2 protein chains.
Amino acid sequence: MTTLERIDAPEQAPAAEVVHSARSCRMVGDILARVGDKWSMLVVMTLLEDNRHFNELKRGIDGISQQMLSRTLRALERDGLVLRTVHASVPVRVEYALSGLGRSLAEPVKALGAWAVTNRVSIEASRAVYDSRGDEVWSRA
Amino acid sequence: MTTLERIDAPEQAPAAEVVHSARSCRMVGDILARVGDKWSMLVVMTLLEDNRHFNELKRGIDGISQQMLSRTLRALERDGLVLRTVHASVPVRVEYALSGLGRSLAEPVKALGAWAVTNRVSIEASRAVYDSRGDEVWSRA
DNA sequence: CAGCATCCTACACGATACTG
DNA sequence: CAGTATCGTGTAGGATGCTG
């Protein structure tokens with residue numbers, strides 16, 4: 001509620017704008033939460049390569065349970081990021097594809113992924129230092 | 001493990017590369033998780049404006065408990081995203097500031113925030129449609 | 001002022017079994 | 001094949017109280 005809404009800052013905020021910003025802010029939190037959850041972006045990135053059937057996704061995404069895949073897909077579909085198509089063949093086949101919205105989301109997410117990859121080493125180093133520092137207090141006993 | 005590591009894809013992966021990719025992938029997940037948690041990016045964005053003391057942050061970030069602020073700050077500090085400086089004044093004052101790393105993270109995060117703001121309406125519309133569709137099954141009773 | 005320790009609740013996520 | 005239902009666990013996050 002404090003800072004992130006400044007992203008779309010028209011800067012002069014009348015009373016009504018406050019409400020609007022609050023909504024925007026909640027939405028931003030929503031999106032960050034979805035991006036941050038364990039499987040959503042893995043699914044999006046997989047679908048970015050090509051459309052997939054349910055079990056293709058399950059096989060392609062290492063370690064995901066069918067439960068979580070199902071839930072993740074439903075959430076993504078609800079948000080309009082993923083399109084679901086049921087092919088009425090003999091054994092039912094359901095095809096999942098990224099929507100335009102989903103494809104557009106992939107861009108900033110990839111930027112974040114790239115940042116993570118480039119800064120991985122720095123972060124791991126920082127953690128190592130931080131974690132070993134607690135010792136100092138008693139290690140020189 | 002499947003797709004996100006392709007971001008840094010040197011594409012020809014010998015046995016050793018697989019390990020490397022797995023580490024990268026875990027790290028990307030880590031970062032996405034941190035970005036996705038409830039308060040981290042709010043803190044980062046607040047510190048992007050200016051350095052703050054603990055209670056300034058607490059007051060500035062609406063709804064955060066001091067517990068969560070404390071935990072979030074320690075996590076950010078551990079990752080080297082936030083710098084902590086203790087001023088040994090009479091009542092102790094601790095100043096928090098973004099590191100260069102933290103500032104660099106803010107960029108892709110802002111991109112994501114911008115995406116969320118621009119696509120907020122589409123997503124809400126999609127959710128409304130999705131949520132009302134469950135009705136159809138029984139609403140025409 | 002800054003913050004850790006404790007307790008509690010809600011939910012994310014996982015494993016398994018069952019269905020059309 | 002493509003799910004839903006059920007159950008169990010870990011942990012994120014909130015409320016409160018204490019400390020230096």
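Because the structure is predicted, anything quoted here is derived from the model rather than measured. Proteins come first, then strands; the chains are lettered A, B, ... in the order of their sequence lines, and each starts at number 1. Worth knowing before you read on, the calculation uses all heavy atoms, side chains too, and leaves out hydrogens, waters and symmetry mates.
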Q.
Any base atoms under 4.0 Å from A:Lys58, or only sugar-phosphate, or nothing? Heavy atoms, all strands.
A. nothing
**Item:** Donor-acceptor under 3.5 Å (A:Ser70 side chain, A:Gln67 main chain)
**Value:** no
Open item on the list: For the residue pair A:Asn119 / A:Ser122, report whether a side-chain donor-acceptor contact shorter than 3.5 Å exists.
Closed with: no
Rounded to whole Å, CD1 of B:Ile64 lies from P of C:dG3 at a distance of 13 Å
**Study point:** B:Arg120 side chain near A:Val28 side chain, heavy-atom distance below 4.5 Å
**Key:** no
Of A:Arg71 and B:Arg74, the one whose closest nucleotide on DNA chain C sits nearer the 5' end is B:Arg74
The side chain to side chain contact (heavy atoms under 4.5 Å, CB included) partner of A:Leu98 among A:Leu83, A:Leu48, A:Val43 is A:Leu48
B:Arg52 atom CZ is separated from C:dA2 atom C1', nearest whole Å, by 17 Å
Out of C:dT16, C:dC13, C:dC1, minimum distance to the side chain of A:Met68 belongs to C:dC13
Whole-Å distance, A:Leu69 CG to C:dC13 P, equals 13 Å
- Task: On the 0 to 90° scale, with breaks at 30° and 60°, tag the A:His87-A:His53 ring pair as parallel, tilted or perpendicular.
- Result: perpendicular
Taken to the nearest whole Å, OH/B:Tyr96 to C1'/C:dC1 is 11 Å
Do the side chains of A:Arg71 and A:Asp37 get close enough for a salt bridge, i.e. N-O under 4.0 angstrom? no
On DNA chain C, more 5' by nearest nucleotide between B:Val86 and A:Val92 is B:Val86
5'-most contact on DNA chain D (nearest-nucleotide basis), A:Gln67 vs A:Val94, goes to A:Val94
As a check of understanding: the bend across the helix from C:dC1-D:dG20 to C:dG20-D:dC1, end axes from five pairs, rounded to 10 degrees, works out to 40°
Path from B:Tyr130 to A:Val86 over hydrophobic side-chain contacts below 4.5 Å: no
Report task. Would you please test A:Val82 and A:Leu47 for side-chain contact (heavy atoms from CB on, under 4.5 Å) and show each step? Result -> CA-CA 9 Å; A:Val82 157; A:Leu47 289 178; 3.7 Å; yes
Atom CD of B:Glu56 and atom C1' of C:dG3 are separated, to the nearest Å, by 16 Å
To the nearest angstrom, the CZ-P distance between B:Arg93 and C:dA2 comes to 5 Å
Whole-Å distance, A:Trp39 CH2 to C:dC13 P, equals 9 Å
Worksheet entry | Under-4.0 Å side-chain N/O to phosphate OP1/OP2 contact, B:Ser70 with C:dC4 | yes
Per side chain to side chain contact (heavy atoms under 4.5 Å, CB included), B:Leu57 is matched among B:Val94, B:Ile64, B:Thr72, B:Thr46 by B:Thr46
Here the distance between atom C1' of C:dG20 and atom CZ of A:Phe54, to the nearest Å, is 15 Å
At a 4.0 Å cut-off to heavy atoms of chain A, the contacted part of DNA chain D spans D:dC1 to D:dT6
